[in-house]
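The next block holds one structure in the form of structure tokens; read it before the comments.
Below, chain A is the first sequence line, B the second, and so on; all start at residue 1.
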Amino acid sequence: MSPQFTLQSLILRTAAHFLLPLLLIFSVFLLLRGHNEPGGGFIAGLVAASAVALYMFALDIRSAKRVLRFEPRDLLGWGLLFGVISGVPAVFMGQPFFTSQWLELTLPVLGELKVGTPLLFDIGVYLVVIGGVLLILLSLAEAEE
Amino acid sequence: MLLAVLSGFLIAAVAPWAHRGLGRHSGWALAALPAVLFIYFASFLPALREADGGRIIMEYDWIPSLGIQLTFLVDGLSLLFALLISGIGFFVVAYAGRYLEGHRDLGRFYVLILAFMASMLGLVLSSNLISLFVFWELTSITSYLLIGYNHEDAKARKSALQGLFVTVAGGLALLTGLVMMALVGGSYELHELLTSGDIFRDHDWYLAILLLVLLGCFTKSAQYPFHFWLPNAMAAPTPVSAYLHSATMVKAGVYLMARLNPSLGGTEAWMLLLGLFGAVTMFAGIFLSLRSTGVKQVLAYSTVMALGTLTMLIGVGTENAMLAAMAFLLAHSLYKGALFLVAGILDHEAGCKDFLQTGGLRRALPVTTVFAGLAALSLAGVLPMFGFVAKELLFEAVLEAPALAGLLSVFAVVSAVMVVAVAAIVGIRPWYGPRADTPKIPAHEAPPALLAGPVVLASLGLLFGLGAGLVDQGLIAWAAAAVYGAPVSPYLSLWHGFNLPLLLSGVSLALGLLLYLNWERFRRFTGFMEVVNRYGPEAAYEKTMAGMVWLSEWQTRVLQNGYLRYYLLTILISTVGLVMVTLFTRTHVHIDLDLSGILVHEAFIVAVLLMAALVSVTTRSRLGAVASLGAVGFCVALIYVLFSAADVGITQVLVETLTVIMLVLVLFRLPGFLGLTPMVLRIRDAVIALAVGAMMAVLKLAASTTRYADSISEYFIQESQPSGYGRNIVNVILVDFRALDTLGEIVVLALAAVGVYAMIKFRAEDRRR
């Protein structure tokens, strides 16, 4: 733990424990509403990355990494994979790559729900943004030590 | 036909496993492929006799949706080549199995040689110019890999690269020439272009096409001054030399010249270029051959001679010349293939790589001696070998050439004299005379796999000579007709009666033997050539390559200097320059500045923004600069939100936050300001910064007033809900309408992150070390 950038504040540390899950849920909310209201994968990814960054500043890198569970590098890879895969179904439908495909579901409680490849793509963007930002942030912070 | 051409690639793909499974008999087993192909191609002979116009065209759909077809053209010329390629291929593959027995890379060798054979077949059989070019380059690449077969030897690698550079450089010129041909002729199909010769000859582009195509052919077929790569290519294993660099690949250029003769030939430029370059190559080749002593060097240079002769004959362009060219082509492939394989035997059995090491081997290698002698007789053009027939025709053709007859004849006769001397060096020197101390004492005659090639090829030289009519009625005449563009009356025969060609033949024979007896003296006498060589074409090649290395080092030093500030400077100045020039020369910039609608709070935000910007460039504290830059960013975000671009505003705020965090992390690592830049540089930077800002402002204002097409926003606004199922237009654009763009962006983001990661990690590791 390096004192240069970790803020030794009890209030922040306590708050971070609550803020992190809240912010992450908020980021998922932003991701899912993005198609109709302000939000989307990019913004959601930035919010999620900021959440982990806050946690890192409040506690330390190791805790931040532990709470992230995934290697940021893996997130990059998964994100790109989702992004590319979301374009594939169109090819099997005889349409140009990346033509969006939608599925309309009627669920008992939620009512009508439209699920489509753009959502998958947005999740890809979300993961790449989290992975990219955290890869840079964490390695910069680690280099401090 | 498609299968026949591609089978080489298919078998090549499994050759290493075949080799592992079959062990020491893999050579014979894999040689079955060329043998089958030979029979297959030979089966075209009767059909060709019946065929309309002496050609058969076969079409295969390649990419039907684009209308691209793979077309093969079988006529006398392509069939002659195909038979030579598959026929000699058989002996070479069988030979290689024994010659390279136990070599750890033999499996790889089979892959390459079979892939080469397939490429070469594709090259001579293609009727489509593009597929022809693709096969052409494939032969260059396989040749490169085969020359560099002993890749641990620096000289082999260098030679391989040299051959590749020379032929591929020519290949680029050829591609340009072929595309121009297709544009002029309106088709990429050879069989359609060949009938429209006058279109090319009368076209303004004729000379350009001719020069480009010839550049490709001359480099491939080692014409002077591009001949130097061929002797160096002898770094390849001997079977490769026999196959690629004597019998087949180097004749690709000759093939193309012959192929295009009906379209491009017959003009003065054609005759002069081909005649002169061919004659000079012929002379230079045989002269250098006689000056060399290395077994393969002598043969390589004499191959240069043969290629020059063929080029010259195609340039002469008469009916007789074409007949001579095709006969000479066949004769040369037969005897040179045999001689190279004999050279391999010399190396394999006696360890001799130089003629000066050899002598008196006839007792140890009696069979080799006989057939080496037979091939050498054909090379010298002695009755009754097929080489004699070819040589007679050659003399006849040059004597009655429509242009430069005198000059070409002198070149031809002088070269013929030296050819006889070279033939004697090859056919007499190693075998007769006193027993020399060879590096290895040959214990026994070469095994059948090694002998099969020389025996059959040399015997064919004799057989075709005795029965010149055998090949006369058929293939040679058809091939000559394909080159000539009209049927030719064949009259190959062994005995043409007492005439001038016969006299010249006799004289060259006598003088050549005399020259052979004075070989040592000749080499001493022409020692001055060493000096000339230092300034020859190869030296020019070396200089060019060194120059290229120097140039790239220089430009790397200048452009990739490693200073971020200079990169930025270059990027910004060129952007400003290019945008400004385009803006003021191509468009009428018209700027409406209407400030009336600005509200108070908007003006306030702009004022804060300007102040923050000013602080960021004047402050002496890094943290202060970062913080004020952040303020600029938040102001921009506010403006976005005010103008109801919520998404962009949110993104801006988040990015700004994270940027400040990152910058703060980086700031810890930076040393304190060591010294401030001098005033002059700061003024320069200020000027550039203002110029960039001004450019962006002008560009933005001009863009909002100048409009060439309707804004695409309308479309997005309308289509977002019905076809994108989303009310957030920005997001629908990002993930649906422009998903491919976004994919590109996230790839860039990922790469940038990995780049930063690598930079930090590797530096940390370096420091730890």
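For Val756(B), the part sitting under 4.5 Å from any heavy atom of chain A is the side chain, from C-beta outward, and nothing else. Both the backbone and the side chain of Ile43(A) have a heavy atom closer than 4.5 Å to some heavy atom of chain B. Only the side chain of Leu658(B) comes within less than 4.5 Å of a heavy atom of chain A; its backbone N, CA, C and O stay farther away. Using a 4.5 Å cut-off between heavy atoms, Leu740(B) touches chain A through backbone and side chain atoms alike. In this structure, chain A has heavy atoms under 4.5 Å from both the backbone and the side chain of Val655(B). Using a 4.5 Å cut-off between heavy atoms, Val653(B) does not touch chain A at all. Looking at Arg73(A), the atoms closer than 4.5 Å to chain B (heavy atoms on both sides) all sit in the side chain, from C-beta outward.
Shortest non-hydrogen contact noted between Gly39(A) and Asn731(B) is O-ND2, 4.1 Å. Asp736(B) approaches Pro118(A) most closely through the heavy-atom pair OD2-CG, 4.1 Å. Shortest non-hydrogen contact noted between Leu743(B) and Gly83(A) is CD1-C, 4.0 Å. Here the closest heavy-atom approach between residue Asn36(A) and residue Arg727(B) is recorded as OD1-N, 2.8 Å. Contact detail for Val128(A) and Ile746(B): the closest heavy-atom pair is CG1-O, 3.6 Å. The shortest non-hydrogen separation linking Leu76(A) to Ala753(B) is CD1-CB, 4.3 Å.
Atom CG of Leu559(B) is surrounded by more than 12 heavy atoms from other residues, nucleotides or ligands within 6.0 Å. Residue Phe604(B) qualifies as open at atom CZ: its count of foreign heavy atoms under 6.0 Å is 12 or below. The local environment of CZ in Phe70(A) is sparse, with at most 12 non-hydrogen atoms from other residues, nucleotides or ligands closer than 6.0 Å. The number of heavy atoms from other shown groups lying within 6.0 Å of CZ (Arg33(A)) is above 12.
Of the listed residues Gly132(A), Gly40(A), Gly34(A), the one with more heavy-atom pairs under 4.5 angstrom with chain B than any other is Gly34(A). For the set Ile661(B), Val747(B), Ile760(B), Ile650(B), the count of heavy-atom pairs under 4.5 angstrom toward chain A peaks at Ile760(B). Between chain A and the options Ile729(B), Thr742(B), Leu751(B), Thr657(B), heavy-atom pairs under 4.5 Å are most frequent for Thr742(B).
Within the 3.5 Å criterion, the main-chain N or O of His35(A) finds no donor-acceptor partner in the side chain of Asn728(B).
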Stepwise side chain to side chain contact (heavy atoms under 4.5 Å, CB included) test for Leu665(B) and Ile136(A): CA-CA 10 Å; Leu665(B) 283 175; Ile136(A) 297 176; over 6 Å; no
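The CD atom of Gln652(B) lies 11.0 Å from the CG atom of Leu46(A); values are rounded to the nearest 0.5 Å.
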